Amino acid sequence: MKPLPKNFYLRSPDTVAKELLGKILVRKVRNHILSGKIVETEAYFGEGDPASRAANGKKKFNLAMWEDVGKAFIYMVHNNWLFNVVAHEKGKVGAVLIRAIEPLEGIEVMKKNRGIDNLRSLTNGPGKLTKALGITKEFNGIDLTNSKSEIFIVKGKEEEFEICKSHRIGVSRDLNVRLRFFINGNQFVSYKKVF
DNA sequence: AGGAAGATCTACT
DNA sequence: GTAGATCTTCCTA
């Protein structure tokens with residue numbers, strides 16, 4: 001499987017967020033592979049988006065959002081690492097938060113990483129999936145378009161699904177636009193409720 | 001030093 | 001399904 005090319009991410013964050021649904025997030029560890037289908041995402045812009053980490057200008061920790069698209073942008077909130085993909089049009093700023101995946105390969109390892117046995121709550125949240133896949137700040141800036149990386153994203157198999165939109169979750173000051181996208185009816189979407 | 005943050009877990013109604 | 005306590009960085013004063 002070849003990773004999605006860089007120009008996939010060279011578009012508006014909301015477009016990329018929508019199109020990332022159904023793609024496969026792959027995490028390579030020494031002798032095994034963990035992977036899952038992306039079922040829920042959120043788009044974040046740069047300036048003008050009060051919920052974005054980039055809203056207050058460049059900082060040390062959010063530099064990745066200004067840099068090359070197709071890279072990982074990882075930061076911590078409430079003791080959880082959140083995994084984003086840098087995506088924006090040329091010269092702009094933005095990222096897509098991966099909020100939930102459906103486990104495919106390496107489920108036993110994910111259960112061990114999470115310390116639980118329940119499949120449904122294994123990766124149905126942004127902080128949960130990073131824990132299940134063993135993702136930490138160390139991977140900030142990693143290239144997701146290179147299959148040699150420890151984390152990358154490939155095209156999944158073709159399938160039909162309905163895309164739903166809602167407002168972003170947990171954001172104290174959201175924009176008046178729906179920027180959360182998820183696969184309708186999927187068991188691993190973090191909240192069914194539509195805000 | 002203090003507070004806020006894109007969340008999670010647990011314990012209930 | 002919803003409410004409340006609580007976890008750790010990084011930013012701002």
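These numbers were taken from a predicted model, which means no experiment stands behind them.
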Is a donor on one side and an acceptor on the other found under 3.5 Å between the side chain of A/R114 and the backbone of A/L122?
yes
Other cluster members, A/V177 - Ile/Leu/Val/Met/Phe/Trp/Tyr, side-chain contacts below 4.5 Å:
A/F45, A/L175, A/L179
Could you run through nucleotides 7-13 of chain B and give me one letter per nucleotide, 5' to 3': B if any protein heavy atom sits under 4.0 Å from the base, S if only the sugar-phosphate is that close, - if neither?
BSS----
Which pairs with one or both residues in residues 45-65 of chain A pass side-chain hydrogen bond (donor to acceptor under 3.5 Å, both in side chains), sequence neighbours excluded?
A/D49-A/R168
Please table the atom pairs, donor to acceptor, closer than 3.5 Å between any side-chain atom in residues 64-74 of chain A and protein atoms at least two apart or in another chain.
none

Set of side-chain hydrogen bond (donor to acceptor under 3.5 Å, both in side chains) partners for A/Y44, sequence neighbours left out
A/E42
To the nearest Å, give me how far apart CZ (A/R120) and C1' (C/dG1) are.
13 Å
Quick check on B/dA5: is either OP1 or OP2 less than 4.0 Å from any side-chain nitrogen or oxygen of A/S172?
yes
Wobble G-U and Watson-Crick pairs count when both distances are under 3.5 Å; given that, what is the 5' to 3' dot-bracket string of DNA chain B, with | for pairing to other strands?
|||||.||||||.
Can you run down the side-chain hydrogen bond (donor to acceptor under 3.5 Å, both in side chains) pairs that involve residues 21-35 of chain A, sequence neighbours left out, and say none if there aren't any?
A/S35-A/E105
Among all residues two or more places apart in sequence or in another chain, which pass the side chain to side chain contact (heavy atoms under 4.5 Å, CB included) test with A/E162?
A/N184
Contact list (N/O, under 3.5 angstrom) for nucleotides 9-12 of chain C vs protein:
from	atom 1	to	atom 2	distance (Å)
C/dC10	OP1	A/K137	NZ	3.4
C/dT12	OP1	A/K59	NZ	3.2

How long is the line joining CG of A/N79 and P of C/dT8, in whole Å?
5 Å
Residues forming a side chain to side chain contact (heavy atoms under 4.5 Å, CB included) with A/N118, sequence neighbours excluded
A/R120, A/S121
Could you name each residue pair satisfying side-chain hydrogen bond (donor to acceptor under 3.5 Å, both in side chains) that touches residues 133-151 of chain A, not counting sequence neighbours?
A/D143-A/T145
Can a side chain N or O of A/R53 be found less than 4.0 Å away from OP1 or OP2 on B/dA5?
no
Under the rule for side chain to side chain contact (heavy atoms under 4.5 Å, CB included), what residues qualify as partners of A/K18, not counting sequence neighbours?
A/I163, A/F181
